[in-house]
Amino acid sequence: MSRYSIFTKKLTSKVVVMNKSRQKEILQFISNLYSSDNPVPLHAPRFLGNEKKYLNECIDSTFVSYVGQFVTDFENHICQVTGAKHAVAMVNGTAALHMSLLAAGVKPGDEVITQALTFAATAAGIKHAGAEPSFVDVDKDTLGMSPESLKAYLETYAIRKVDGIYNKANVRKISAVLPMHTFGHPVRLNEILSICGEYGIQVIEDSAESLGSLYDGRHTGVFGTVGILSFNGNKPVTTGGGGMVITNDDRIAERVRYISTTAKRIHRWEFFHDEVGYNLRLPNVNAAIGCAQMEYFDKTIANKRETAMQYKAFFDSIGIPFVTEPKLCRSNYWLNAIVLKDRGEREEFLQYTNDNGVQTRPIWTIMSKLPPYERCSRVAVPNSEWLEDRVVNIPSGVRL
Ligand SMILES: *Cc1c(COP(=O)(O)O)cnc(C)c1O
């Protein structure tokens, strides 16, 4: 009962809520911005190019499974945009995370440090690889992994052994640090990489939300050993469902490709699999949609950024904090976010907007409050708790 009390807690009458006219003003602004959509969804996909044409070509060719030219072309599009040497298309972002961790040498029983405030797929991907997530806090401005909290975690738990860094409390090997770029806003990668460098722990980026986001002039997802992308229906580029592993490491790319394609040795007809493989490659049908979407990717990102600037001007004028790109960064503004006064105001706002045809969503419940992750190792996460109470996503779809 108490475990789920966050969902049932009654609002106390002491809470000062946003007044009704302010709520109405925001609703009006969003409705005008998305005047063609009624109701206004949080992030509906848009198909504005060659999607149908390529789907027809794909079906006519009969190459609909993961063997096909659209898969290769889509991977090349992603290499071009991200600057990654390799891109391997997967059925979804969660599978991409799972395969990345395995290929990067994360072993069953290992620990992988991630942030407490993230989408559940980050933690699930770690679990799928047989490892155990542990949680550090996020920064209030980037909404992603806090280098200071990571440092505090390692100072508390890390112990060096001959084959790497271990958590001295649970005796698990800490085999990766996995930051996530929340809503497309890059985390402080330089600081995180430098801390991990000192300890000799690799960085793996969950860049599922940050296709098109740059940190210090370089695309997110290629700073660590390996990174992942998602092309789910609500992401800036969609293939219906889909994901991608991106890396500059030849060995990791080859390994991901191999284990995710049934671990079958290359041969024209023999079925020889030298280990238990997975079947997680993106079908050509889905990649066809992705290829069409990538042809106008620059326009998509420019439009999302332009929407964010309009929001920023509006929320500045009424004194409500709007989340903007961190220093050194260019963000894709996947999901626009505002920071409300407290949990009470958040609940009122969610209720009002969703009742009145504008879809809004709160940021995620922090991982250590979810049943599968309650007992995971962590440090105090005050910023995550603060943001969890206040951050709301507002409609962010492309307006083209
Ligand atoms: C969307 C997302 C994923 C997973 O992607 P799917 O394609 O839905 O499996 C992973 N991590 C984060 C942070 C995401 O937002």
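This is a predicted model, so every value here is computed, not measured. Atoms within a ligand are numbered from 1 in the order they appear, just like the ligands themselves. In what follows, every heavy atom counts, from backbone to side chain, and hydrogens, waters and symmetry copies are set aside.
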Distance (rounded to the nearest 0.5 Å) between His181 NE2 and Gln115 CD
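Those atoms lie 9.0 Å apart.
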Short list, please: which atoms of ligand 1 are under 4.0 Å from a heavy atom of [X]?
| X | value |
| --- | --- |
| Ala121 | 3 (C), 4 (C), 10 (C) |
| Gly242 | 7 (O) |
| Met180 | 13 (C) |
| Thr94 | 4 (C), 5 (O), 6 (P), 9 (O) |

Taking only Lys NZ, Arg NE, NH1 and NH2, and the carboxylate oxygens of Asp or Glu, determine whether Arg281 and Glu75 approach each other closer than 4.0 Å.
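Judged by the 4.0 Å cut-off on N to carboxylate O distance, Arg281 and Glu75 do form a salt bridge.
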Thinking salt bridges, do Arg390 and Glu385 make one under a 4.0 Å N-O criterion?
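Salt bridge absent between Arg390 and Glu385.
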Any cation-pi pair here, [X] with [Y], using under 6.0 Å and within 45°?
| X | Y | result |
| --- | --- | --- |
| Lys161 | Tyr166 | yes |
| Lys264 | Phe272 | no |
| Arg218 | Phe223 | yes |

Can an N or O of Gly93 be found at a distance shorter than 3.5 Å from an N or O of ligand 1?
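Min N/O separation from ligand 1 is below 3.5 Å for Gly93.
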Check this for me - ligand 1, Thr118, N or O atoms closer than 3.5 angstrom, yes or no?
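No; every N/O pair is 3.5 Å or more apart.
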Under 4.0 Å from ligand 1, counting heavy atoms only, is it the side chain of Asn92, its backbone, both or neither?
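Asn92 to ligand 1: contacts from backbone and side chain alike.
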Candidate list Thr247, Asp250, Asp249, test side chain to side chain donor-acceptor pair (under 3.5 Å), partner Lys85, passing option:
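Going through Thr247, Asp250, Asp249 one by one, the side chain to side chain donor-acceptor pair (under 3.5 Å) with Lys85 is satisfied by Asp250 alone.
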Nearest protein heavy atom with distance in Å, relative to atom 5 (O) of ligand 1:
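Its nearest protein heavy-atom neighbour is Ser230 OG, 3.2 Å.
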Considering only protein heavy atoms, which is closest to atom 11 (N) of ligand 1, and at what distance to one decimal place?
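Sorting protein heavy atoms by distance from atom 11 (N) of ligand 1 puts Asp206 OD2, 2.9 Å first.
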Considering His98, Glu209, Lys235, which one's heavy-atom position lies nearest to atom 13 (C) of ligand 1?
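It is Glu209 whose heavy atom sits nearest to atom 13 (C) of ligand 1.
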Which of the listed options, Ala208, Gly233, Gly241, holds the heavy atom that is closest to atom 12 (C) of ligand 1?
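Comparing heavy atoms across Ala208, Gly233, Gly241, the nearest one to atom 12 (C) of ligand 1 lies in Ala208.
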Just so I know, are the side chains of Leu33 and Phe314 near enough to count as touching, which here means a heavy-atom distance under 4.5 Å?
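Of all side-chain heavy-atom pairs linking Phe314 with Leu33, none is under 4.5 Å.
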